[in-house]
Every structure is written in C-alpha cells, then in structure tokens.
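Data block below; observations after.
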Amino acid sequence: MSTVLAIDAGQTGIKVRLREEDVVFPGIDTHEPLLPQLAAVARAAIERSGADVSVVTAGVSGLTTRESDAAALLARIDDAAVREVILAHDSTTSFLGALGDGRGAVVAAGTGVVTLAVGASRVARVDGWGYLMGDAGSGYWIGREALDAVMREFDGRGPATALRAVAEERWPDLTQAYIALQADHDRVRVVASFAEHVARLASEGDAVSQHITVRAGGELAHSVESALRRVRSTSAEDEPREHFSVCAIGGVFRSPQLREAFASHIAASELDVALVEPLGNGIDGAAALAGLAPQHPLAHAVSIAHA
C-alpha cells in the first residue's frame with residue numbers, strides 16, 4: 001500500500017496532507033524558483049511525520065510548462081523511499097477535488113481565476129492568464145475596476161461611489177495614489193483587496209459596486225460556458241444533450257450578489273448545466289492524482305516520474 005504525500009501549493013499557503021493530517025506551510029514565493037520550494041516542503045513534511053512516503057503528488061498554482069517537471073522534483077526531494085512524483089496545475093487538482101470523475105467545469109476565483117472543463121474525451125482550460133493579460137472576474141479584476149471607478153468619480157468622468165472613501169483611507173491624496181501603488185511590491189494583493197470592499201458595498205446598495213459585481217459574475221460564467229463548448233461532444237441533433245455540472249470555488253464567490261449573477265448566467269445558458277456544490281477541495285484533488293486512471297481525460301495534463 002503506497003503512502004501518499006499530497007501538496008496543494010498556492011501563493012497564500014501550501015497545504016500538505018499525509019496520513020489524513022493536513023499541515024499548512026508558507027505560500028509559494030513567486031520571485032524564487034518553484035521546484036526547490038516544493039521539494040523543501042515535501043522533505044519537511046516527511047521528516048516531521050517520520051513516514052516512509054512512496055508517492056508525492058502536487059497541484060500547483062500557476063504551474064508553467066517549464067516548471068512541470070516531475071523528474072526534476074523527484075531528484076530534488078532526494079528520498080530513497082519516494083518512488084513516484086505526480087505534478088499538475090492546480091486547475092487540474094481543483095477539478096478533481098470538486099467534481100471527481102464527473103463531467104463539467106470548475107471555476108476557481110480568488111486573486112486570479114482559472115476555469116477547467118472536462119468532457120467525455122476533451123479538456124479545456126480558459127483564462128488563468130494572470131492579472132496583466134486576463135483573470136476576468138477575479139479579485140484583482142474586481143479591485144482594478146473599483147479603483148478605475150474611484151478615479152473616474154475623482155475626475156468627474158463617472159458617478160459617485162462609496163468606494164472613493166475606501167480608497168481615500170489608504171491614499172488620502174488620490175492624486176498620488178497611482179504613484180504609491182506602482183511602487184508597491186505587493187500591488188497585486190493591494191488591488192485585489194478592494195474586491196472585499198466591492199462585495200460589502202454592493203450588499204449595502206452602492207450602485208457602482210453592484211455594477212462591477214454583476215459584470216464579474218458574467219465574466220466568470222462566460223469563461224465556464226466557453227470552456228464547456230470546447231469539450232462537448234459533437235452529436236446528432238436528435239441525441240440527448242450532454243449534461244455538465246459546474247462548480248464555483250474561491251473567495252470571490254463569497255459575495256452573494258456575485259454568486260447570484262454568476263448563477264443567473266449559468267441558468268440561462270443554452271447548455272444543459274447545473275450548478276453544484278463541490279465534493280471536496282484542492283488538497284483532495286492533489287491526493288486524487290495518485291489514483292488517476294491513465295484513460296482519464298486529465299491524465300495527459302500531469303507530469304509523472306518514477307524512480
């Protein structure tokens with residue numbers, strides 16, 4: 001019986017599961033090479049538990065093609081007991097955690113956002129292209145729209161919004177806000193932090209915040225529908241339509257108004273879709289990598305190395 005060490009690695013924290021116990025380590029430092037960080041966490045978890053781990057699985061936020069090298073991670077872990085390493089993008093492990101072997105789409109929206117859809121034989125990833133080129137509907141996207149609205153009011157180009165007072169708490173002189181923000185090394189998190197204020201003010205009736213929230217929900221639903229269209233089977237008109245489950249996970253969906261807007265768009269889709277609650281989370285999906293069948297549509301999306 002293999003002993004599996006599962007890792008769910010994000011920028012906020014790295015969760016590790018071994019023998020049904022979950023431990024959280026500090027998050028990924030995006031300014032440092034990824035694989036040494038993962039290897040250090042794996043070694044620390046193994047040493048802490050004293051277990052003979054034979055399989056290490058990892059779902060990693062923002063995993064690039066260059067970094068997706070299970071053999072290199074296996075070598076860096078450098079433990080004779082570890083015989084197999086399985087490495088995947090966290091969109092894959094989010095899907096496995098939320099929908100298991102089901103068909104459908106999972107949209108994971110926090111500071112960034114990525115959507116993954118799985119059909120009978122095809123897989124499609126939509127967005128997840130980062131705050132500079134994508135992540136529509138994400139926390140960063142919402143925060144950026146909020147700050148745009150603040151400066152539009154300040155200039156007289158847009159309607160009044162309660163978001164202005166929130167911005168002025170951080171930057172009393174709004175004429176200098178953009179300089180301070182551009183110089184802040186933590187600017188992505190700072191911008192994304194305004195999403196929480198948008199959610200609160202939307203529930204309190206601020207029209208600008210409500211408009212941003214509804215648009216964010218629409219963007220996220222659009223990504224889901226786009227992904228599902230890419231994976232659905234081509235069948236005859238008289239055959240039953242494929243049914244897909246949709247899971248929405250991540251901090252952005254804590255906003256009731258955003259979730260309602262998202263659900264409304266999904267319900268109006270011409271596709272046969274149903275919004276469902278997730279079966280589990282990212283660490284459950286990372287653990288599920290160890291049992292992923294070779295014929296599963298997601299099998300090609302993982303990097304596997306054997307000692």
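Not a single donor-acceptor pair under 3.5 Å links the side chain of T57 to the backbone N or O of I86. Judged by distance alone, with hydrogens and angles left aside, the side-chain atoms of S68 form no donor-acceptor pair with the main-chain N or O of T65 at under 3.5 Å. Remark: the backbone N or O of P33 is paired with a side-chain donor or acceptor of Q37 at under 3.5 angstrom. The main-chain N or O of D127 is found under 3.5 Å from a side-chain atom of R125 such that the two form a donor-acceptor pair. In this structure a side-chain-to-backbone donor-acceptor pair under 3.5 Å is missing from Q257 to T213. No donor-acceptor pair closer than 3.5 Å links the side chain of E153 to the backbone N or O of G158. A donor-acceptor contact shorter than 3.5 Å is absent between the side chain of T3 and the backbone of S54.
Contact check for S223 versus V107: no side-chain heavy atoms found under the 4.5 Å cut-off. Inter-residue side-chain proximity for L292 and T92 is flagged as unmet; no heavy-atom pair is nearer than 4.5 Å. For the pair V224 and V273, the minimum side-chain heavy-atom distance is 4.5 Å or more. Looking only at side-chain heavy atoms (C-beta outward), V16 and V41 come within less than 4.5 Å of each other. Residues R164 and L174 are in side-chain contact: their nearest non-hydrogen atoms beyond the backbone lie under 4.5 Å apart. Using a 4.5 Å heavy-atom threshold, the side chains of H89 and L116 count as separate. Considering only heavy atoms from C-beta on, L74 comes within 4.5 Å of V82 through its side chain. Considering only heavy atoms from C-beta on, V276 comes within 4.5 Å of C247 through its side chain.
The hydrophobic cluster containing I304 does not contain L73, counting ILVMFWY residues as joined when their side-chain heavy atoms lie under 4.5 angstrom apart, directly or transitively. V114 and V231 sit in two unconnected hydrophobic clusters of ILVMFWY residues. Membership requires side-chain heavy atoms under 4.5 Å apart, directly or through other members. V252 and W129 fall within the same hydrophobic cluster, defined by Ile, Leu, Val, Met, Phe, Trp and Tyr side-chain heavy atoms under 4.5 Å apart, directly or through other members. Placement of V85 and V302 in two distinct hydrophobic clusters is found when ILVMFWY residues are connected by side-chain heavy-atom separations under 4.5 Å, directly or transitively. M133 and I142 fall within the same hydrophobic cluster, where Ile, Leu, Val, Met, Phe, Trp and Tyr residues are linked whenever their side-chain heavy atoms come under 4.5 Å apart, directly or through other members.
Heavy atoms from other residues, nucleotides or ligands lying under 6.0 Å from CD of E260 number 12 at most. No more than 12 heavy atoms of other residues, nucleotides or ligands lie within 6.0 Å of CZ in R66, so this atom counts as exposed by the packing criterion. Around the CG atom of D52, the shell of radius 6.0 Å holds no more than 12 heavy atoms that belong to other residues, nucleotides or ligands. Counting heavy atoms of neighbouring residues, nucleotides and ligands inside a 6.0 Å radius, atom CD of E84 exceeds 12 of them. Atom NE2 of H306 has more than 12 heavy atoms from other residues, nucleotides or ligands within 6.0 Å. Counted within 6.0 Å of CZ on R144, heavy atoms from surrounding residues, nucleotides or ligands total 12 or fewer; the atom is thus considered open. The neighbour count for D101 CG, taken as heavy atoms of other residues, nucleotides or ligands under 6.0 Å away, does not exceed 12. Around the CD atom of E47, the shell of radius 6.0 Å holds no more than 12 heavy atoms that belong to other residues, nucleotides or ligands.
Here the straight-line distance linking atom CD of E196 with atom CG of L201 works out to 10.5 Å at 0.5 Å rounding. Summarising the geometry, atom OG belonging to S203 is positioned 12.5 Å from atom CG belonging to L258; distances are rounded to the nearest 0.5 Å. R43 contributes atom CZ, which lies 12.0 Å from atom CG of L5 (distance to the nearest 0.5 angstrom). Atom CZ of R122 and atom OG of S233 lie 6.0 Å apart (nearest 0.5 Å). In this structure, D284 CG and L279 CG are separated by 9.0 Å, a value rounded to the nearest 0.5 Å. For the atom pair I77 CD1 and L38 CG, the distance stands at 8.0 Å (nearest 0.5 Å).
A167 approaches V150 most closely through the heavy-atom pair CB-CG1, 3.9 Å. Closest heavy-atom contact between L87 and E67: CD2-O, 3.6 Å. A pairwise comparison of heavy atoms in V166 and R200 identifies CG2-NH2, 3.8 Å as the closest pair. Smallest separation of non-hydrogen atoms from R17 and D22: NE-OD1, 2.7 Å. When every heavy atom of H265 is checked against every heavy atom of G218, the shortest pair comes out as CE1-CA, 3.6 Å. Heavy-atom minimum distance, W141 versus D135: CB-O, 3.4 Å.
Taking the six-membered ring for Trp and thresholds of 30 and 60 degrees, F262 and F253 have ring planes more than 60 degrees apart, a perpendicular arrangement.
Residues D206 and T161 have side chains that bring a donor and an acceptor to within less than 3.5 angstrom of each other. Residues S269 and E225 have side chains that bring a donor and an acceptor to within less than 3.5 angstrom of each other.
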Using the rule given for salt bridge (charged side-chain N to carboxylate O under 4.0 Å, His left out), can you reason through R259 versus E277, listing the C-alpha separation, both sets of side-chain angles and the distance that settles it, and then say yes or no? CA-CA 12 Å; R259 191 172 181 88; E277 291 300 313; 3.4 Å; yes
